[in-house]
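Structure first, commentary second.
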Amino acid sequence: GQSRIDAAWQRYTATRIEGDEKVLAAQARARMQKADQDVSRLQAIIASGDRAAFDRFVANDLYSAIDPVSESLARLVDMQIEIASARTEQAESNAGFALIMMAVLAAVAVAILGFSYFTITRRVIDPIKALATLIRERAKASGDQHLPDLERKDEIGDISRSVDEFLGAAMEKERRSAAIAAKEQAL
């Protein structure tokens with residue numbers, strides 16, 4: 001009985017209590033101490049077996065001892081419910097804000113990925129495809145085609161210039177071989 005009530009009260013008062021709740025808790029504790037005195041008096045009356053004293057206590061003192069404690073505890077419970085509701089609302093608000101931020105960050109990430117894809121495709125993949133196509137065409141025909149992106153100052157330009165030199169040297173070698181073969185046939 002009483003030890004459980006005391007243990008529960010100690011657990012409650014060990015939590016963070018401030019402001020109006022602290023005032024209400026102090027008021028409840030004072031009322032509980034008065035009620036404890038009345039309970040001790042009731043226990044003594046019961047132990048004595050005095051039925052008339054018991055009836056007087058119940059008629060005159062019982063509710064005046066219990067009601068103030070009940071009222072203080074009810075006010076504390078109401079305050080705890082208000083505090084819990086406020087914290088729940090704050091948590092829901094924070095969760096909503098976090099959800100909005102995640103959506104915004106996801107949209108930014110998609111935009112960055114889209115921009116990166118567009119940039120890589122336009123600046124790297126398309127020039128490499130064009131270069132590969134032209135190399136295949138040059139390999140088929142020995143025409144004098146101009147490689148794209150020779151003027152670029154990046155890796156794509158370096159590749160284009162290297163391939164242009166390679167193809168030029170290969171075509172020159174082919175022309176010399178064809179000229180030598182033509183001379184040999186003429187002889």
Side chains of [X] and [Y]: does their closest heavy-atom pair fall under 4.5 Å?
X: Asp67; Y: Glu71; result: no
X: Arg29; Y: Ser72; result: no
X: Val23; Y: Gln27; result: no

Interatomic distance, [X] atom [atom1] to [Y] atom [atom2] [nearest 0.5 angstrom]:
X: Tyr12; Y: Glu21; atom1: OH; atom2: CD; result: 3.5 Å
X: Gln80; Y: Asp78; atom1: CD; atom2: CG; result: 10.5 Å
X: Ile46; Y: Gln43; atom1: CD1; atom2: CD; result: 7.0 Å
X: Met32; Y: Gln37; atom1: CE; atom2: CD; result: 13.0 Å
X: Leu24; Y: Ile17; atom1: CG; atom2: CD1; result: 10.5 Å
X: Arg16; Y: Ile83; atom1: CZ; atom2: CD1; result: 9.5 Å

Without placing hydrogens or testing angles, list every side-chain donor-acceptor pair under 3.5 Å for residues 106-126, not counting sequence neighbours.
residue : atom : partner : partner atom : Å
Ser116  : OG   : Ile112  : O            : 2.9
Thr119  : OG1  : Phe115  : O            : 2.8
Thr121  : OG1  : Tyr117  : O            : 2.7

Strictly by modelled atom types, are Asp6 and Gln10 linked by a side-chain donor-acceptor pair under 3.5 Å?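 Looking only at side-chain atoms, Gln10 and Asp6 do not form any donor-acceptor pair under 3.5 Å.
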Does Ile45 have any side-chain contact (heavy atoms from CB on, under 4.5 Å) partners at least two apart in sequence or in another chain, and if so, which?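 With neighbours one apart ignored, the set is Ala53, Phe54, Phe57.
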For Glu82, which residues count as a side-chain contact (heavy atoms from CB on, under 4.5 Å) partner, sequence neighbours excluded?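 Partners of Glu82 under the side-chain contact (heavy atoms from CB on, under 4.5 Å) test: none.
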Could you note down all residue pairs passing side chain to side chain donor-acceptor pair (under 3.5 Å) where residues 44-66 supplies at least one of them, sequence neighbours left out?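 As it turns out, the side chain to side chain donor-acceptor pair (under 3.5 Å) pairs with a partner in residues 44-66, which skip direct neighbours, are Arg41-Asp61.
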With a 4.0 Å cut-off, would you call Arg176 and Glu174 a salt bridge?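 The answer is no: the pair does not qualify as a salt bridge.
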Check this for me, if you would: do Asp158 and Arg161 make a salt bridge, where the nitrogen-to-carboxylate-oxygen distance has to be below 4.0 angstrom?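 Between Arg161 and Asp158 there is a salt bridge, with a charged N closer than 4.0 Å to a carboxylate O.
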Please determine whether residues Val58 and Ile66 belong to a single hydrophobic cluster, defined as Ile, Leu, Val, Met, Phe, Trp and Tyr linked transitively by side-chain heavy-atom distances below 4.5 Å.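 Yes, it is one cluster - the side chains of Val58 and Ile66 are joined through contacts under 4.5 Å.
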Could you note down all residue pairs passing salt bridge (charged side-chain N to carboxylate O under 4.0 Å, His left out) where residues 85-94 supplies at least one of them, sequence neighbours left out?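 Not a single pair qualifies under salt bridge (charged side-chain N to carboxylate O under 4.0 Å, His left out).
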Within a reach of under 6.0 Å around CD of Glu155, are more than 12 heavy atoms found that belong to other residues, nucleotides or ligands?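 Result for CD/Glu155: open.
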For the student: nearest non-hydrogen atoms of Val69 and Ala35, plus distance: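 Closest pair (atom of Val69, atom of Ala35, distance): CG2-CB, 3.7 Å.
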To check you understand the geometry: which heavy-atom pair defines the closest contact between Ala28 and Leu73, and what is its length?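 So the two residues come closest at CB-CD2, 4.5 Å.
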Residue list, ring-ring contact (aromatic ring centres under 6.0 Å, His included) with Phe166, at least two apart or on another chain: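 Not a single residue meets the ring-ring contact (aromatic ring centres under 6.0 Å, His included) criterion with Phe166.
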For the pair Asp154 (side chain) and Gly157 (backbone), establish whether a donor and an acceptor sit closer than 3.5 Å, ignoring hydrogens and angles.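 Here the side-chain-to-backbone pair exists.
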